[in-house]
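First comes the structure, then the notes that go with it.
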Amino acid sequence: MKVSELGEFGLIERLRAALGAPADERLIVGIGDDAAVWQSGETFVIATTDTMVAGVHFLPDSTAWRDVGWKVIAVNISDIAAMGGTPTLALVTLCLPPDTDVTAMDDLYAGMREIAELSGVSIAGGDIVSSPVFAVTVALLGEAYVNDGGRPLLLRRNAAQAGNVICVTGPLGSAAAGLRVLRDPSIAERLTAEQRDELIGAHVRPWPRIDSGDVAVRAGITCGMDISDGLAQDLGHICRASGVDAELRLDAIPLSGALAALFPEEAAVMAATGGEDYELLLVGGGQTIELADQALRRHRQTPDERQIFEVGRITGPGTGRVRVIDAAGRGVELASPGWDHLRGAG
């Protein structure tokens, strides 16, 4: 069997089985969440890693190196935010073809430095190796918020319960639209320059929701992850980990005006399946969600603007099934729930 037949998530489960149960009880969270969590004294360290490969994760001919640098740090920060933590320290590995332009690496690191400084992350070194294709890997550490009892407050994929509300922290689908514009700029002719830049920016410069994760865990939300592979697919991860089923309302997913203007017929499905928006998917009791929304409004000084949006409900115990419905409550079949790195879309 080839890995493309097994798929990314099937391979993860196979590797988890190969490793067996962790022997060290200081490992609080292992394979299966957005990041690992390790206890070191009174500190709970969160660790994650992610890679970007030229031609796979970005289009070299249409993406600025500075944006590549920004994004590779951002997607790792998003994993820390998805656990409710604070990012702290990054290590960077460069895989470089020998003919790589040095000025390109200057720009790459300028983008890394820009978002690292904005997010309070220190880039402390890494590694450089020769490679037939450009790739950059970031390993990022963070810290979990610890309550008065000395326990970490974390967002986990296995904490959803029947009756919980399913929410997202912002508009979805714009990153997928931005990628389509980069591949074919002519499709954006009916957009304003600002709308075009908004969609492309969503793809090349996502902003990780550190404040949303922090507010969520402090408000008492215990279930969540970031939306990287598509809302429907990522919700499925939570449902399977928690042993529940869910209902996702297409009409409730928040959309940007630019996405709706460019793809009026496809926008809702793109929002449900597109991925790479790096908003957070939060699941919790309705009252707890409201407390988090109010806290986030205060933090962002937007008292009249909702910050957490309900898009569905956990319907009960189950096998991880996500039923997608339209405004009339009719079932909607999605051609693909999201992205699989070994199979592509589907």
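Small disclaimer: the values here were computed from a predicted structure and weren't measured.
In the hydrophobic cluster analysis, where Ile, Leu, Val, Met, Phe, Trp and Tyr join through side-chain heavy atoms closer than 4.5 angstrom, Leu282 is grouped together with Val215. Linking ILVMFWY side-chain heavy atoms closer than 4.5 Å, directly or via other members, places Ile128 and Met112 in a single hydrophobic cluster. Note on Ile73: it clusters hydrophobically with Ile80, by side-chain heavy-atom contacts below 4.5 Å among ILVMFWY residues. Each of Val283 and Val29 belongs to its own hydrophobic cluster when Ile, Leu, Val, Met, Phe, Trp and Tyr are linked at side-chain heavy-atom distances under 4.5 angstrom. No continuous path of ILVMFWY side-chain contacts below 4.5 Å connects Val75 to Val121, so the two sit in separate hydrophobic clusters.
A salt bridge is defined here as a Lys NZ or Arg NE, NH1 or NH2 lying under 4.0 Å from an Asp or Glu carboxylate O, and Arg313 with Glu247 fails to meet this definition. Taking the charged nitrogens against the carboxylate oxygens, Arg321 and Asp245 have no contact shorter than 4.0 Å, which rules out a salt bridge. Salt-bridge formation is not detected for the pair Asp226/Arg209: no Lys NZ or Arg NE/NH1/NH2 atom is positioned less than 4.0 Å from an Asp or Glu carboxylate oxygen. Using a 4.0 Å cut-off between charged nitrogen and carboxylate oxygen, Asp34 and Arg157 count as a salt-bridge pair. Comment: Arg66 engages Glu114 in a salt bridge, judged by a side-chain N to carboxylate O separation of less than 4.0 angstrom. Between Asp67 and Lys71 there is no salt bridge, since no side-chain nitrogen of the basic residue lies less than 4.0 Å from a carboxylate oxygen of the acidic one.
With 3.5 Å as the limit, one finds a donor-acceptor pair spanning the side chains of Asp79 and Thr48. Between the side chains of Thr93 and Thr137, no donor N or O sits under 3.5 Å from an acceptor N or O.
Heavy atoms from other residues, nucleotides or ligands lying under 6.0 Å from CZ of Arg297 number more than 12. Residue-environment remark: CD (Gln287) stays at or below the threshold of 12 foreign heavy atoms within 6.0 Å. The number of heavy atoms from other shown groups lying within 6.0 Å of CZ (Arg196) does not exceed 12.
Asp293 and Ile308 get closest at one heavy-atom pair: OD1-N, 2.9 Å. Minimum interatomic distance between Ile115 and Pro208 (heavy atoms only, all atoms of both residues): CD1-CD, 4.1 Å. Contact record, Ser212 with Arg300: OG-NH2, 3.0 Å, taken as the closest heavy-atom pair. Heavy atoms only, all atoms of each residue included: Gly320 and Cys239 are closest at CA-CB, 3.6 Å. Closest approach of Ala246 and Leu235 over heavy atoms only: CB-CD2, 4.1 Å. Here the shortest heavy-atom pairing between Val133 and Ser131 reads O-OG, 2.6 Å.
Note that the CG atom of Leu59 and the CZ atom of Arg183 stand 6.0 Å from one another [nearest 0.5 Å]. Going from atom CH2 of Trp207 over to atom CH2 of Trp70 covers 5.0 Å, rounded to the nearest 0.5 Å. Residue Leu262 holds its CG atom at 11.0 Å from CD of Glu198, rounded to the nearest 0.5 Å. If you take CD on Glu143 and CG on Leu89, they are separated by 10.0 Å, rounding to the nearest 0.5 Å. Rounding to the nearest 0.5 Å gives a distance of 9.0 Å between CG of Leu140 and OG1 of Thr49. For the atom pair Asp277 CG and Ser228 OG, the distance stands at 10.0 Å (nearest 0.5 Å).
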Do Val146 and Phe44 pass the side-chain contact (heavy atoms from CB on, under 4.5 Å) test, and can you show the C-alpha distance, the side-chain angles, and the key distance before you say yes or no?
CA-CA 8 Å; Val146 179; Phe44 291 86; 3.8 Å; yes

Starting from the C-alpha separation in whole Å, work towards a yes-or-no answer on salt bridge (Lys or Arg N to Asp or Glu O under 4.0 Å) for Glu333 and Arg323.
CA-CA 9 Å; Glu333 291 296 327; Arg323 180 172 182 257; over 6 Å; no

Hey, mind stepping through Val53 and Phe134 against side-chain contact (heavy atoms from CB on, under 4.5 Å) and telling me if it holds?
CA-CA 6 Å; Val53 180; Phe134 172 85; over 6 Å; no

When you look at Thr273 and Leu231, which way does the side-chain contact (heavy atoms from CB on, under 4.5 Å) test go after all the steps?
CA-CA 6 Å; Thr273 63; Leu231 173 59; over 6 Å; no

Between Val138 and Leu91, does the side-chain contact (heavy atoms from CB on, under 4.5 Å) criterion hold? Intermediate values first, please.
CA-CA 6 Å; Val138 170; Leu91 299 173; over 6 Å; no

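Between Leu334 and Val269, the closest side-chain pair of non-hydrogen atoms falls below 4.5 Å. Under the 4.5 Å side-chain criterion, counting only non-hydrogen atoms from C-beta, Met105 is in contact with Leu96. Between Phe309 and Ile289, every side-chain heavy-atom pair lies at or beyond the 4.5 Å cut-off. The shortest side-chain heavy-atom distance between Ile46 and Trp38 does not fall under the 4.5 Å cut-off.
At least one donor-acceptor pair closer than 3.5 Å links the side chain of Gln307 to the backbone N or O of Glu305. Between the side chain of Ser122 and the backbone N or O of Ala124 there is no donor-acceptor pair closer than 3.5 Å. Between the Thr100 side chain and the Pro97 main chain, a donor and an acceptor come within less than 3.5 Å of each other. A donor-acceptor contact shorter than 3.5 Å is absent between the side chain of Glu189 and the backbone of Leu191. In this structure a side-chain-to-backbone donor-acceptor pair under 3.5 Å is missing from Asp33 to Ala35. Between the side chain of Ser78 and the backbone N or O of Ala74 there is no donor-acceptor pair closer than 3.5 Å. When atom types are taken as modelled, the side chain of Thr288 and the backbone of Gly284 share no donor-acceptor pair closer than 3.5 angstrom.
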I'd like a table of donor-acceptor pairs (distance under 3.5 Å, sequence neighbours excluded) in which one partner is a side-chain atom from residues 248-256, with atom names and distances.
| from | atom 1 | to | atom 2 | distance (Å) |
| --- | --- | --- | --- | --- |
| Arg249 | NH2 | Asp251 | OD2 | 3.3 |
| Ser256 | OG | Ser174 | OG | 2.9 |
| Ser256 | OG | Leu259 | N | 3.1 |

Using a 3.5 Å cut-off and no angle test, enumerate the donor-acceptor pairs between side-chain atoms of residues 158-169 and protein atoms at least two apart in sequence or in another chain.
| from | atom 1 | to | atom 2 | distance (Å) |
| --- | --- | --- | --- | --- |
| Asn164 | OD1 | Gln161 | N | 2.9 |
| Thr169 | OG1 | Glu279 | OE1 | 2.6 |
| Thr169 | OG1 | Leu280 | N | 2.9 |

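Residues that satisfy the side chain to side chain donor-acceptor pair (under 3.5 Å) test with Asp148, not counting sequence neighbours, are absent from this structure.
Residue pairs meeting the ring pair (Phe, Tyr, Trp, His ring centres under 6.0 Å) criterion with at least one member in residues 222-244, sequence neighbours excluded, are Phe9-His237. Screening residues 258-270 for salt bridge (charged side-chain N to carboxylate O under 4.0 Å, His left out), with sequence neighbours left out, gives Arg180-Glu266. Screening residues 40-58 for salt bridge (charged side-chain N to carboxylate O under 4.0 Å, His left out), with sequence neighbours left out, gives no hits.
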